[in-house]
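Report on the structure given below.
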Amino acid sequence: MSVQGDHDVVVFGATGFTGALTAEYLARNAPKGLRWALAGRNKAKLAAVRDWLAVIDPALADLALLHADSTDPESLRAVAAATKVVITTVGPYLNYGESLVAACAETGADYVDLSGEPEFVNRMYVRYHDRAQHSGARLVHACGFDSIPFDLGTLFTVRQLPADGPISVEAYLRVSGMPSGGTFATALTALSRGRQHFRALADRRGAEPELIGRRVHQPLGRPGRNAELNAWVLPLPTLDPQIVASSAAAMDDYGPDFRYRQYVAVDRLTSAVGLAVGAAALAGLAQVPPARRWLIERGKPGEGPDAAKRARSWFRVRFAGRGGGERVVTEVSGGDPGYDESAKMLAESALCLALDDLPKTAGQLTTATAMGDTLISRLVAAGLKFQVLTSTR
């Protein structure tokens, strides 16, 4: 734990849809005695969230409410200085996230978010990794469906294989559920900023230390038919492969030569074609500002489906790992990925940083490098499944 403040955990953005789900999860599952608070710019809205949480647990009627505004760096610094771990659901992070990252890096507070934005994550590394290492802050992005199932699922998989030779892992996502409004807005923004994305990636590669004696690859896979899955697979070029590669570069568990590919799997060829055409059309529309704004309005950040729809949603990520003449198939699975499980993963990440005995680390980290097996244990206890399906030698 990097700082000793007035609060163990603060939720910034609890008046939004996913932020409220995160606060609700803490209200139902946080250990007794956890010192936590809500932060935001509208105290009346925060008070309404607190009243709702007090119905779940009357002791929360006195939950602290803190002023924090993404346009007011001093307010964010005050929150960070008084907190061990700050949770933020205020996105798109490229627009609203940097000031809080800066505040945590300066004060030594730990930070977790739901960002799936490669440009944001890479820019924050370049600007704040060194400062966070100096202050002791742990800056952990992508602590929701982006990218915990893939990052920790890959770690779980390589732990089943010998690490003294090359290792390859392929991940296949099957999902039933709606992306959040924030995720949709993030995707559209990223698609419209291709040049800035590649510049941020190049800047990060120039700032990262050279990997000596080991290699990490994240090649884009090819679309096609996977007979073992009985499914059509398409490459999934999200933030997740970069997060997995960062974990692999930092840990010897992934072997001296590690390769990772990621796909989405669908049952029918027509579905695969529809996904490919839809993605191409979305990428084209994202280049036209009026069309992009119109699309973002269709799925406004801060809104989401009701509990009944979320209860019918699920995800499964199947991992096929090979190394040292052995092969293992594992799976990470859970419920609604865009909202309920993301809120759970985010909250458990914060609790893990705030309360658990973890290896001493600092800087911009991944969930695997900051929390690893300890967080996997928390998530399994919270209802996610990490399973070995088959293992051959």
Side-chain angles (χ1 to χ4, degrees), residues 116 118 145-158 160-161 165-179 183-184 187 190-191 215-245 248 254-255 257-286 312-338 341 384-393:
F145 184 65
D146 292 313
S147 298
I148 279 182
F150 307 95
D151 188 30
L152 294 185
T154 302
L155 176 65
F156 179 76
T157 302
V158 300
Q160 318 302 320
L161 296 166
I167 293 177
S168 67
V169 174
E170 295 182 342
Y172 300 92
L173 169 67
R174 289 184 183 269
V175 63
S176 171
M178 295 175 56
T183 298
F184 187 60
L191 288 169
R215 294 192 300 175
V216 173
H217 319 267
Q218 46 173 324
L220 192 65
R222 294 182 178 180
R225 179 75 178 170
N226 185 296
E228 184 175 354
L229 292 176
N230 192 28
W232 294 89
V233 299
L234 299 170
L236 197 59
T238 59
L239 173 65
D240 310 316
Q242 183 181 324
I243 295 291
V244 171
Y254 296 75
D257 191 344
F258 176 75
R259 185 180 300 270
Y260 177 81
R261 292 187 178 95
Q262 185 168 308
Y263 304 85
V264 62
V266 295
D267 292 331
R268 294 185 295 273
L269 178 58
T270 52
S271 299
V273 172
L275 277 174
V277 171
L282 197 64
L285 291 170
R312 295 193 295 270
S313 300
W314 52 267
F315 77 90
R316 294 194 300 272
V317 187
R318 184 76 56 90
F319 297 88
R322 294 174 176 83
E326 301 180 20
R327 183 175 186 274
V328 64
V329 177
T330 67
E331 186 173 271
V332 177
S333 60
D336 170 53
E341 298 293 44
L384 271 70
K385 292 183 179 179
F386 285 72
Q387 305 174 84
V388 176
L389 300 183
T390 64
S391 181
T392 59
R393 299 192 177 205

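- Within the 4.5 Å cutoff, no side-chain heavy atoms of Leu236 are placed close to those of Tyr263.
- Under a cutoff of 6.0 Å and an axis angle of 45°, Arg316 and Trp314 form a cation-pi pair.
- In terms of heavy-atom proximity, Pro337 sits nearest to Ser313 at CD-CB, 4.2 Å.
- Across all their heavy atoms, Tyr254 and Asp151 have their closest contact at OH-O, 4.3 Å.
- The salt bridge (charged side-chain N to carboxylate O under 4.0 Å, His left out) search around Arg215 returns Asp257, not counting sequence neighbours.
- Under the 4.5 Å side-chain criterion, counting only non-hydrogen atoms from C-beta, Ser391 is not in contact with Arg327.
- Closest of all the heavy-atom pairs between Ala265 and Val233 is CB-CG1, 4.1 Å.
- Taking OG1 of Thr154 as the reference point, atom CD1 of Ile243 lies at 11.5 Å (rounded to 0.5 Å).
- Nearest heavy atom pair, residue Val317 against residue Ala171, reads CG1-CB, 4.1 Å.
- Checking side-chain atoms of Glu331 against main-chain N and O of Gln387 turns up no donor-acceptor pair under 3.5 Å.
- Atom CG of residue Leu384 and atom CD of residue Glu341 lie 4.5 Å apart, to the nearest 0.5 angstrom.
- Not less than 6.0 angstrom separates the ring centroid of Phe156 from the ring centroid of Phe319.
- Identified under the salt bridge (charged side-chain N to carboxylate O under 4.0 Å, His left out) test for residues 165-175, with sequence neighbours left out: Glu170-Arg261, Arg174-Asp267.
- Side-chain atoms of Thr390 and Val328, non-hydrogen and from C-beta on, never get closer than 4.5 Å to each other.
- One finds the CD1 atom of Ile167 at 7.5 Å from the CZ atom of Phe258 (value rounded to the nearest 0.5 Å).
- Closest approach of Phe315 to Gly335, counting heavy atoms only: CD2-O, 3.3 Å.
- Using a 4.5 Å heavy-atom cutoff, the side chains of Leu173 and Phe145 are in contact.
- Smallest separation of non-hydrogen atoms from Tyr260 and Pro219: O-CD, 3.7 Å.
- Arg322 is not listed as a side-chain neighbour of Leu161, based on a closest heavy-atom distance of 4.5 Å or more.
- By the 4.5 Å heavy-atom criterion applied to side chains, Thr238 and Gln262 are counted as neighbours.
- Under the 4.5 Å side-chain criterion, counting only non-hydrogen atoms from C-beta, Arg318 is in contact with Leu229.
- With a 4.5 Å cut-off on side-chain heavy atoms, Asn230 and Arg225 count as touching.
- Atom-to-atom distance recorded for Ile148:CD1 and Asp240:CG is 11.0 Å, nearest 0.5 angstrom.
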